[in-house]
Amino acid sequence: MEMVPSEENQLVLKEVENAAEEPRVLCIVQDTTNAKTVNERLTLNLPASTTLSKLFEDVAHKAGYVNGTFDLAWRKTGDMGPLDPSSEMSLTESGFEPGKRNFLQLTDKDGEQPQIASDESGTAGSSGLDDRQERFIGPLPRDCTVGCSSDYSSPSYSYSSILNKSDTGYVGLVNQAMTCYLNSLLQTLFMTPEFRNALYNWEFEESEEDPVTSIPYQLQRLFLLLQTSKKRAIETTDVTRSFGWDSSEAWQQHDVQELCRVMFDALEQKWKQTEQADLINQLYQGKLKDYVRCLECGYESWRIDTYLDIPLVIRPFGASQAYGSVEEALQAFVQPETLDGANQYFCERCKKKCDARKGLRFLHFPYLLTLQLKRFDFDYTTMHRIKLNDRMSFPEELDMGPFMDVEDEKSPQTESCTDSGAENEGSCHSDQMSNDFSADDGVDEGICLDSASSTERVLKPKVPSLNTSSLTFELFSVMVHSGSAAGGHYYACIKSFSDGQWYSFNDQHVSKITQEDIRKTYGGSSGSRGYYSSAFASSTNAYMLIYRLKDPSRNAKYLDCDDFPEHIKHLVQREKESEEQEKRQREIERNTCKIKLFCMHPVKMMAMMENKLEVHKDKTLREATEMAYKLMELDGVVPLDCCRLVKYDEFHEYLERSYEGEDDTPMGLLLGGVKSSYMFDLLLETRRPEQVFQPYKPGEVMVKVHVVDLKTDTVAPPVSIRAYLNQSITEFKQLIAQATELSAETMRVVLERCYNDLRLLYVPNKTLKAEGFFRSNKVFVESSESPDHQVTFTDSLLWKLLDRHGNTIRLFVSLPVQSPGTNRTICQKVGGDPEECSEGSKGNRNSVETILEESTEKLKNLSLQQQQGSCTSDSQKSSDTSDFEHIESPSPSQELDSSVSAVVAVDNRELENRIRAAGGGTYSDPETQFPGEERSDSEVNNDRSTSSVDSDILSSSHSSDTLCNADSGPIQLANGLDSHSITSSRRSKANEGKKETWDTAEEDSGTDSEYDENGKSKAESYYLYFRAEPYAQEDGSGEGGQKCVLVHVDKRITLSAFKQNLEPFVGVTSTQFKVFRVYANNQEFESVRLNETLSSFSDDNKITIRLGRALKKGEYRVKVYQLLVNDAEPCKFLVDTVFAKGMTVKQSKEELMPQLKDQCKLDLNIDKFRLRKKTWKNPGTVFLDYHVYEEDINISSNWEVFLEVLDGPEKMKSMSQLAVLTRRWNPAQMKLEPFQEVVLESSSVEELKEKLSEISGVPLENLEFAKGRGTFPCDISVLEIHQDLDWNPKVSTLNVWPLYICDDGAVVFYRDSTEEPMEQSEDERNELMKRESSRLLKTGHRVSYSPRKEKALKIYLDGGPVKDPGQD
């Protein structure tokens, strides 16, 4: 279906090629008479000659209103008034535009709503607006396909649009996805009286078979629904389920003729030993004679074949002109060919090769004659499958008399015959079928007889030949294909034998069509019948034709409901009850309000629970509260009378109103009707028995009040109060005083309008609205006699406490597991005796926890000394000031005394020594790695990468936590310590998606001037809050001795300072452990940028501490892979290591050697291996020993290098050399030799050829080379390499097109041009093809010579395919 732009820049539907001559008008009507229907549309597709009065009738019919009780008007304001319902003017005369969308409004008439039509009229109830979002008059094909008559594509399709039966009286079939071919065949069989009646006469025995897998039973049910259902369309899923198909089969498009064959075979298998056993043969099977007659003696050899359909060639092979009609194609089908010359026939009578005549003769035509027009062919020029769209006419009545064999089947000249019978059933053995590419010899198509008998089919009794005087067939079904050979759409044009009317069955849409529409399915164009006419013809044309013999004695009529067999009447009753139940369920669904429900559960950690409340619109508020009570599982926790439902805005955490005195009000009225979505939610509020619910009135604003205590430096959980926007600040303080029992005289009120936006409310007469209050607000109040009132707000203790509160986050930190096996190593490292160490550890019962406690206290005291010595402005702080870390700017005039620094160093050493003495086993040497305890980066994520923009991730604030205030744009939310805040606890999860993948401690450009090496700010000093307390994990993840701490920390703290604060809890210095951030999927990524803050962290993020040396400034974590050029897996991970800025390649190799020996068992000499660049899987530049990282070699975070073991001394001495990996191709042996490296002094092609000639012995003039394609090792099939590569390019240098070999590691194939490929038999080639396919699939190489075959169509008789357990 083609879409064209309208004047309003909207896509509208253009008439299809086979539409009727008269243009049609698309009318879209919006019903504005009530709130339920204002968002719904009625879509009508009417002929342009339709009168306005008829338009009103159609709208009334589809809308379910009484005609004359409503008005229709143009939607655009300013246009003319309502349309005249009695006018006989046509739509075009009234201003409607064909081919465009005409928008109308259905409005009240004289201020009164339209009257609903009675159920007897067939409009209300079944056609009402509540039934569906869109209604449609007129034929509608599937989207993007071409249909019969004036078909349009529906702008949207939903299940609700198929509830009403078509005006034609026929029911459509829903397209599951790509099952239009199935729908076309099913409708054709349904409209075949003989097949339908025979199916009804078959009785299903439930005791013998499962109804779900019974194909005849499911077809019987489907046909009954097609005949009796009131729906517009019904589903076919039960039928396809009986085929053994799953949902994936709905996305496989197959050939309708192929389906017909397979379905008939399946029915024959199911109907064995029943009256219907021979039904398919009686209705559809014919016979023909395949003969060869000697032209010298008249001897004839022949055999009899059976067929279910006759395949007719559209265009003969090699011909430039197609057959013009079915009669012409039939004549060609029986036209004999002469076998002469090299094709002479060996005559048994003449005992020699003679000229002969070979052909087909029809002996018997079936009662239902099926003709397949073979429109799918193969173009040997393009080597692609094509569709022939040439014109081929077909008559409504077809006389098959001229094609019947009138000769005696056993003439005196006939001496050899074979009756192939049912063994060749369904196929015509003729050269005319040589162009049929629908079958593939290598594909097992048809029914799966896993559970069927393996005995041969018994021959059916011969049906006597029809009298040639009664061979007139009438056409009743045309199955049309629209599209190309690659895919398309099927629909059926079928004539009803009841009234002789033709109908278009296009999936769910059924509409009347004319003979003119049938003629348009002939195909072709109005031009000539030349070779290229098909390319310019319509792609919509007939594919299968079904004729019925005109014989009054045999022609059956459709069974009426009154004539149904008893078992069918029972089945009809069951289906009717099922449909009524479905209708009642739809009615309930249509009257059910579905709204989000929240509840702050009083037991489950005070967490806000969310669910969906589904309540009928007639249920009262009291009943809805009881339903919500059970839904939130409050039974036994809170009494029912302590719960109520209130109107709630979840986004703003705003309680809009309560419903006092409305317990008996229906929910439909309270919620404003049944809607698809609501702009508000419901909250199930709870209270204690002694409490009383506070009424919430519309217009009030909600305020969460946090009481601040400056003496204890605490912020209390919120107390909720409600206020009015027109209240003054003075009145607001009085309201707070009543709720908090604080003095209003000394009260300071601070409004947090958004993240870090603190505003002191000090103007007494100013209103809350003027101060920026909105629906939901947060304020902090403090009331004391402290002198802090006299200080400027931004310099006050209150501001500092609130600033800390707004920037403090809560983190869960998992400490490393204590390693009991490290005691001996630690003692030896410090020079102690192992036995003494063991005895000391036994005798000393002081726990590590006690030592950490003392150390923490000492560090606190030290922090206090530093603060008292450097700053005097904090003298008023309480004893809890030790929870702050005061980072002072290290200017020369204000440096800490060196003795204080010494105390810090001594304290750290003392801490380490005491932990060693206690046997804690957590201390490590600064140069010691912990491979057993540290998760390697390759295990965490092999594919992670970094870029220059990643620095924004760590330093950015909570960009996803936004809230739109009344007078500002998107603003950030605070993530403070308010664990009771609904928003902060829920929305902070949005930040868990961010990942930091830093593997280097090197700062970005510009940071050196901003921070010093310890991560302390040079610009200004901060009071950075840090408090930690033990934490027991509930999920059991802390097993095995792992300890956890809950840390409250100012997120403006740097990673370096954060690690220093964690030292007492980890037990080692900050340089000896690493920080890993844990994300929602349990992936861990190391945080290494010491100068970055924790601003990217949010509440409840998890951190894992692992022992091991952390990166220092200028260091990079590097993954080392081994390059194995001749192995099946050329890339093998070895170790994680650290390279430093300024280090030479040789130094890095020296550091690698002990790691390789310990961890990988590789004992290498420093001259026997090299390092080289790694780009994905490709080897690159070879690094020379004297190269310096960051000077000669650019190094970055998450860096990867190849380690390559050398067979001999290093040949690469200079960067001007070029190392190329070469591989010889031996066509005579059909194999590739191993890789060999060639080192070139220049980029000359001549030098490359000389080197290749030198190592291979191939003469220079015979040597050809080609560059490999794809990633290393550039695998390619030996069946393709000889032709597919660009051999011997005409270039003189390697660094130009098409080679572009500018760096080490390029792959070059070469061969001897005089060597011919090995000659292979078909079996050898097939074996080699299988071997190559297996090899290349393992390496991920696409095997281009073996294209994927289409999935074969199968119907399973045992309920489904048996999956091979060996398959994935």
Side-chain angles (χ1 to χ4, degrees), residues 257 281-293 300-317 319 322-338 356-375 390-411 413-414 417 419-421 424-436 462-478 522 542-551 554:
Q257 185 262 352
N281 293 336
Q282 291 175 2
L283 295 179
Y284 294 95
Q285 181 177 280
K287 289 190 177 183
L288 54 78
K289 178 196 290 186
D290 185 354
Y291 69 91
V292 180
R293 175 176 293 178
E300 183 177 286
S301 174
W302 56 274
R303 69 176 182 182
I304 299 213
D305 288 333
T306 59
Y307 63 90
L308 294 179
D309 55 62
I310 303 174
L312 298 180
V313 174
I314 298 290
R315 185 194 298 166
F317 180 73
Y323 296 127
S325 64
V326 163
E327 297 92 334
E328 193 177 335
L330 280 169
Q331 189 62 47
F333 186 84
V334 298
Q335 180 68 32
E337 63 172 323
T338 301
R357 183 167 293 164
K358 182 181 187 304
L360 299 168
R361 295 194 192 102
F362 288 109
L363 300 178
H364 164 68
F365 289 113
Y367 178 71
L368 298 172
L369 178 65
T370 304
L371 304 180
Q372 181 202 4
L373 308 184
K374 298 177 62 177
R375 293 195 173 274
D390 300 86
R391 175 185 173 86
M392 176 174 278
S393 63
F394 44 86
E396 189 172 0
E397 290 192 357
L398 178 62
D399 183 9
M400 295 299 289
F403 309 106
M404 173 63 76
D405 183 15
V406 295
E407 299 180 17
D408 185 6
E409 294 183 6
K410 292 189 177 181
S411 62
Q413 298 170 324
T414 301
C417 72
D419 186 357
S420 62
N424 293 319
E425 178 181 348
S427 62
C428 295
H429 297 274
S430 167
D431 291 346
Q432 298 286 345
M433 300 183 64
S434 60
N435 292 337
D436 188 3
K462 295 180 183 287
V463 179
S465 299
L466 295 169
N467 190 340
T468 57
S469 62
S470 59
L471 291 179
T472 302
F473 291 81
E474 63 174 324
L475 178 70
F476 77 94
S477 176
V478 180
Y522 290 169
Y543 181 63
M544 280 186 71
L545 310 174
I546 300 184
Y547 288 82
R548 187 177 76 164
L549 181 70
K550 296 186 70 173
D551 184 355
R554 296 186 62 184

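All of these numbers come straight from a predicted model, not from anything done at the bench.
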Seminar exercise, completed: Of all heavy-atom pairs linking V292 and A356, the shortest is CG1-CB, 3.9 Å

For this session: Could you go through the side chain to side chain contact (heavy atoms under 4.5 Å, CB included) check for V478 and L545 one step at a time?
Result: CA-CA 5 Å; V478 180; L545 310 174; 3.9 Å; yes

For this session: Indicate yes or no: at least one non-hydrogen side-chain atom of Y323 is less than 4.5 angstrom from one of L373.
Result: no

Exercise. Below 4.5 Å, heavy atoms only, C-beta onward: do L330 and L398 meet side chain to side chain?
Worked result: yes

Problem set entry | M392 side chain reached by Y522 side chain, heavy atoms, under 4.5 Å | no

Exercise. So, for L312 and A329, which heavy atoms are closest and what is the spacing to 0.1 Å?
Worked result: CB-CB, 4.0 Å

For this session: Assess whether side chain to side chain donor-acceptor pair (under 3.5 Å) is satisfied between E474 and Y547, documenting all intermediate values.
Result: CA-CA 5 Å; E474 63 174 324; Y547 288 82; over 6 Å; no

For this session: Nearest 0.5 Å please: distance from the CD atom of Q335 over to the CZ atom of R357.
Result: 8.5 Å

For this session: Taking the side chain as every heavy atom from C-beta outward, state whether Q331 and E327 have any pair of such atoms under 4.5 Å apart.
Result: no

Exercise. Where is the tightest heavy-atom contact between F473 and P366, given as atom of each residue plus distance?
Worked result: CE2-O, 3.2 Å

Problem set entry | Donor on one side chain, acceptor on other, Y307 and Q285, under 3.5 Å | no

For this session: State, with a plain yes or no, whether a side-chain heavy atom of R548 is found less than 4.5 Å away from one of Y367.
Result: yes

Problem set entry | Value rounded to 0.5 Å, distance of CE in M404 from CG in L288 | 10.5 Å

Exercise. With side chains defined as the heavy atoms from C-beta onward, is the minimum distance between F403 and F333 less than 4.5 Å?
Worked result: no

Problem set entry | Point-to-point distance, once rounded to the nearest 0.5 Å, from CD of E397 to CG of L475 | 10.0 Å

Problem set entry | Pairwise side-chain contact, F362 with I310, heavy-atom cut-off 4.5 Å (strictly under) | yes

Exercise. Roughly how far, to the nearest 0.5 Å, is the CD atom of Q372 from the CD1 atom of I314?
Worked result: 9.5 Å

Exercise. Do any N or O atoms from the side chain of R375 and from the backbone of A542 form a donor-acceptor pair under 3.5 angstrom?
Worked result: yes

Problem set entry | Atom pair CG/OH of L369 and Y284 - distance to nearest 0.5 Å | 11.5 Å

Exercise. Between NZ of K287 and CG of N281, what distance do you get to the nearest 0.5 Å?
Worked result: 9.5 Å

Exercise. Do F365 and L549 come within less than 4.5 Å of each other through their side chains, counting heavy atoms only?
Worked result: no

Exercise. Should K358 and D290 count as an ion pair when the cut-off is N to O under 4.0 Å?
Worked result: yes

